[in-house]
Chemist: 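This structure is in structure tokens; I'll ask about it shortly.
Both ligands and their constituent atoms are indexed starting at 1 by order of listing.
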Amino acid sequence: MKPEIRKDYIQEKYVIIAPKRGKRPHDVERPERITPVKKNDCIFCPENISHAGRAVLTIKNGNSKNNWDIKVIKNKFPAVSIDNKKAYGTQEVIIEMPSHLKELEDMSTSHITNVLKVYCQRTKQISRDKKIEYILIFKNNGGAAGASLQHSHSQIFATEFLPPHLKDKSQRTQIYKLEHGSCVYCDVIKKERKSPRLVFEDKNIIAFCPYASMHNYEIWIMPKRHIDNITLMTHNECLSFAYILKKILKKINLLNLPYNYYFHQVIHDQDQHLYMKITPRGSVWAGVEIGSGLIINPISPEEAAKFYKAK
Ligand SMILES: [Zn+2]
Ligand SMILES: [Zn+2]
């Protein structure tokens with residue numbers, strides 16, 4: 001395939017899909033990983049997590065010797081907090097499991113479903129604060145993706161400030177709806193499920209590599225039903241979601257790349273369509289990217305989809 005400039009589904013974001021001939025997953029440039037924290041120093045391990053005051057939510061399991069399966073604690077060094085008018089918000093950490101060395105994809109589908117349900121519960125609780133406009137749920141895995149701790153965890157960042165690129169996306173989605181009478185992402189689903197970028201689909205959930213992928217092996221997981229935030233996911237939707245998330249993370253593991261995943265949730269905007277964006281971090285953005293804002297992606301989303309689908 002010849003290099004091709006592609007535009008995002010709705011935003012003014014551009015990427016040059018420029019596959020190098022013969023490029024295979026193992027050729028991807030790998031950012032260096034940081035040295036993991038030793039287990040006995042880890043503040044998320046059950047033996048060290050004695051700060052009960054910081055626990056916001058504990059999912060218990062009678063069978064587990066640690067007496068908890070998933071724990072949510074307040075972020076110890078938050079950038080935003082509810083007692084700061086100048087940077088209002090809240091930050092929490094979700095410790096996804098007691099085990100120090102396991103990754104999310106090592107857990108059962110039902111455990112991953114419970115992690116998603118914890119995201120739901122916290123989003124519900126945090127959005128009761130009428131000042132909160134934006135709730136971001138994200139995970140950094142691996143040194144270069146920004147994780148400073150090895151113990152598997154994800155984070156919630158909630159604030160009254162809506163980042164400009166999301167405000168822009170909200171407005172464009174609303175304009176699209178006025179012009180077409182439908183949600184742009186519901187229409188994207190209709191298109192992508194017939195495209196070579198489709199990776200997985202069942203009656204609840206779809207996963208595909210987006211047409212204008214900015215990152216190598218970028219993939220989105222989307223509920224097929226139009227819902228704007230995670231609290232509206234049903235049990236069956238959470239199950240399907242967990243099942244495909246596990247498969248995808250196992251695949252990313254084969255690439256040995258760090259990754260981020262995230263959900264943006266714009267509170268009070270039901271026109272948004274919820275999706276999880278998973279971005280493996282295989283390329284270091286350099287001159288062209290930083291200077292022009294134009295991203296070069298050497299792995300086409302069609303190629304990436306083939307990789308995810310391969311047995
Ligand atoms: Zn640990
Ligand atoms: Zn929709």
Chemist: Specify which N/O/S atom of His273 comes nearest to the Zn ion (ligand 2), by atom name.
Modeler: ND1
Chemist: Could you work out, with ring-ring contact (aromatic ring centres under 6.0 Å, His included) as the rule, every residue matching Phe241, not counting sequence neighbours?
Modeler: Phe263
Chemist: Is Arg197 salt-bridged to Glu302, going by a charged N under 4.0 Å from an acidic O?
Modeler: yes
Chemist: Find, among atoms of His100 that are N, O or S, the one nearest to the Zn ion (ligand 1), and state its name.
Modeler: ND1
Chemist: Can you name the salt bridge (Lys or Arg N to Asp or Glu O under 4.0 Å) partners of Asp187, sequence neighbours left out?
Modeler: Lys190
Chemist: To the nearest 10°, how many degrees is the angle Cys42 SG to the Zn ion (ligand 1) to Cys45 SG?
Modeler: 120°
Chemist: Is it true that atom NZ of Lys7 has more than 12 heavy atoms of other residues, nucleotides or ligands lying nearer than 6.0 Å?
Modeler: yes
Chemist: How far apart are the closest heavy atoms of Cys238 and Leu116, and which atoms are they?
Modeler: O-CD1, 3.5 Å
Chemist: Do you know which N/O/S atom name in His151 is closest to the Zn ion (ligand 1)?
Modeler: ND1
Chemist: Looking only at N, O or S atoms in His226, which is nearest to the Zn ion (ligand 2)?
Modeler: ND1
